[in-house]
Amino acid sequence: MEEFEVDDLFDGLPGPDYNVAPTVAVPAVFERRVKDTGEIRRRLAPLAWGLVPSWAKDASIGSRMINARLETVAEKPAFKRAFSVRRCILPADGFYEWYALEPPGGTAIGRGKGKPKKQPFFIHRTDGELLVMAGIYEIWRDPHKDAADDSAWLRTCSVITTQATDAVGHIHDRMPMVITRDAIDAWLDPMITNPQRALELLGVTEAASLEAYAVSTDVNSVENNNRSLVEPLAAEPEPEPVPDQETLI
């Protein structure tokens, strides 16, 4: 709350999560205008990861809408309204990406054809600061519930992604778009509704600011969720040198 100058803290924030899965709650910061006073208040509240457009027939679409591509976020029907008026930031320690391993021969390693073994990596800022991801959010009403019932309203979000920088590009071609600290106020401002203006506020993290290291494949299962998932994978010990035969004579 102090770091992002939040005015209002909402209930339901999740605890530490080391393996965030689609549709679960994540902490988000956004601004809303108070109807009675017209005052704009900055809020820290839980949003379900996976955007459900206001016009969706049901909430199941959210599991397929966890990311919004920068190249089309201002145009796609599912995202363009939210991008204009409902932008948020999603702070995190980092994110995972997977790299398909290949043996020296060039054929992907895997249990079956077309399914190469993938090594997960954890990517974070080298200075230890939070990675402030750019996001959009929506408010969807369950048509089968009374509008006066708070459970009838589902608040969801998507992460905006972009082409990866060099530090990440060798692992995966996409990465979360970030917001620089000096652009947060404008990004969250609901009065800025021009999509082009909003696009200008986005920036790619400099390659030198990011570090990637291999982590355990335990992260491949959402059933695993603990701090060990973000710990660097122990390096394999170097093989013992084989002495030259001539030195033994």
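- Ring-plane geometry between Y96 and W98 is classed as tilted, the angle between the planes lying from 30 to 60 degrees on a 0 to 90 degree scale.
- For residues 31-74, no pair satisfies ring pair (Phe, Tyr, Trp, His ring centres under 6.0 Å), with sequence neighbours left out.
- With sequence neighbours excluded, the residues that form a side-chain hydrogen bond (donor to acceptor under 3.5 Å, both in side chains) with S228 are N226.
- For residues 7-17, every residue pair satisfying the salt bridge (Lys or Arg N to Asp or Glu O under 4.0 Å) rule, not counting sequence neighbours, is listed here: D8-R41.
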Please tabulate, one pair per line, all N/O donor-acceptor pairs under 3.5 Å involving side-chain atoms of residues 77-91, not counting sequence neighbours.
residue : atom : partner : partner atom : Å
S84     : OG   : K80     : O            : 3.1
R86     : NE   : E138    : OE1          : 3.4
R86     : NH2  : E138    : OE1          : 3.3
R86     : NH2  : E138    : OE2          : 3.0
R87     : NE   : W187    : O            : 2.8
R87     : NH1  : F83     : O            : 2.9
R87     : NH1  : S84     : O            : 2.8
R87     : NH1  : I192    : O            : 3.1
R87     : NH2  : W187    : O            : 3.4
R87     : NH2  : D189    : O            : 3.0
R87     : NH2  : I192    : O            : 2.8

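- With sequence neighbours left out, A92 forms a side-chain contact (heavy atoms from CB on, under 4.5 Å) with M133.
- Contacts of T23 classified as side-chain contact (heavy atoms from CB on, under 4.5 Å), with partners at least two apart in sequence or in another chain: S63.
- For D182, the side-chain hydrogen bond (donor to acceptor under 3.5 Å, both in side chains) partners at least two apart in sequence or on another chain are T180.
- Counting heavy atoms of neighbouring residues, nucleotides and ligands inside a 6.0 Å radius, atom CD of E39 exceeds 12 of them.
- Counting only residues at least two apart or in different chains, side-chain hydrogen bond (donor to acceptor under 3.5 Å, both in side chains) contacts with residues 126-136 comprise R125-D127.
- Considering only residues two or more places apart in sequence or on other chains, D218 meets the side-chain hydrogen bond (donor to acceptor under 3.5 Å, both in side chains) condition with S216.
- Rounding to the nearest 0.5 Å gives a distance of 5.5 Å between CG of L130 and CZ of F4.
- Partners of Y137 by side-chain hydrogen bond (donor to acceptor under 3.5 Å, both in side chains), not counting sequence neighbours: none found.
- With sequence neighbours left out, the side-chain contact (heavy atoms from CB on, under 4.5 Å) criterion links P46 to F10, L13, P14, A25.
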Side-chain atoms of residues 196-203: list all donor-acceptor pairs with protein atoms under 3.5 Å, sequence neighbours left out, distances to 0.1 Å.
none

